[in-house]
Protein chains: 2
Amino acid sequence: MPEFKDLDPLLHSQLRLAIMSLLIGVESAEFVFIKEQTGATAGNLSVQIDKLSQAGYISVEKSFRGKKPLTTCKITSKGLKAFEDYVRNLQHYIGK
Amino acid sequence: MPEFKDLDPLLHSQLRLAIMSLLIGVESAEFVFIKEQTGATAGNLSVQIDKLSQAGYISVEKSFRGKKPLTTCKITSKGLKAFEDYVRNLQHYIGK
DNA sequence: TAAAGTAGTTTATATTATAAACCAAACGCA
DNA sequence: TGCGTTTGGTTTATAATATAAACTACTTTA
């Protein structure tokens, strides 16, 4: 019984998935760190962080470190649940 | 070490992934069967089968059953390898 | 004070996915 | 025998996405 459940389109995106994947392992992560880890361009990252934030999957805090802007991201419980659902559904596609 | 390898964009698509997933388990599958299993519209399925075929991930045979056209799909070894790579890379994203 | 760097955001474009419209043949049946 | 319906698709138009390029604002360095 294959049964291909829909994959949350918000998570079925390489970059957004990587962002979520990163955030799952940590308390919070900074924009620049995420940028480095994912290899994304700043522009793309900015857009995708915004989408995840709009969806309530992550929370974003803008502050300053010294004089420079600092964007910090954190996964929300809604985001965590969405990620877990996504992974569960995905298993049906990739066997196992 | 996260290390987010690129996910083959040809496979990182819900419908194409479902098609490949289906084909992995069987010798071959007919258009109508794939359509039923995936819930895709015929048009969308036609397009996506074409893309997978163009990429050499599946082979497509057009024949007739009785008087009706019959499209049969089969995964190729190239497709199998691509799928396996995709799954392996994906694991980095979804933990495990 | 001018050039270069940091940390982003905005916007324009290219790519994708998807549905809607279409086509040809076959079938059902009055 | 014609006329509508179904089957098995393909083609094409549109909507959604991803991405890079251009830009902004401020800071640091020389």
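Per chain, numbering begins at 1; letters A, B, ... match sequence-line order.
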Original post:
Starting at CD of B/Q54 and ending at P of C/dA17, how long is that distance when rounded to a whole Å?
Top reply: 14 Å

**OP:** Verify the contact: side-chain N or O of B/S46 to OP1 or OP2 of D/dG9, cut-off strictly under 4.0 Å; return yes or no.
**Re:** no

**OP:** For residues A/F83 and A/L17, determine if any side-chain heavy atom of one lies less than 4.5 Å from a side-chain heavy atom of the other.
**Re:** yes

Subject >> Distance, rounded to the nearest Å, where A/N44 contributes CG and D/dA21 contributes C1' >> reply: 12 Å

**OP:** Give a yes/no on whether any side-chain N or O of B/R16 is located under 4.0 angstrom from OP1 or OP2 of C/dA17.
**Re:** yes

Original post:
Does OP1 or OP2 of C/dT9 have a side-chain N or O of A/K62 closer than 4.0 Å?
Top reply: yes

Subject >> Partner residues of A/D50 under the side-chain hydrogen bond (donor to acceptor under 3.5 Å, both in side chains) criterion, sequence neighbours left out >> reply: none

Original post:
Are any of the side-chain heavy atoms of B/R16 and B/L10 separated by less than 4.5 Å?
Top reply: yes

Original post:
Does B/T71 place a side-chain N or O at less than 4.0 Å from the phosphate oxygens OP1/OP2 of D/dG9?
Top reply: yes

**OP:** Give me the ring orientation class for A/Y93 and A/F4: parallel if the planes are under 30° apart, tilted from 30 to 60°, perpendicular past 60°.
**Re:** tilted

**OP:** Starting from P on D/dG9, measure out to CD on B/E36 and report it in whole angstrom.
**Re:** 12 Å

Original post:
Looking only at side-chain N and O atoms, does B/K68 come under 4.0 Å of OP1 or OP2 in C/dC27?
Top reply: no

Original post:
Are any of A/T41's side-chain N or O atoms less than 4.0 Å away from OP1 or OP2 of D/dT19?
Top reply: no

Original post:
Starting at the 5' end of DNA chain D and moving along, which residue's nearest nucleotide shows up first, B/V32 or B/V47?
Top reply: B/V32

Original post:
Of B/K51 and B/A42, whose closest DNA chain C nucleotide lies nearer the 5' terminus?
Top reply: B/K51

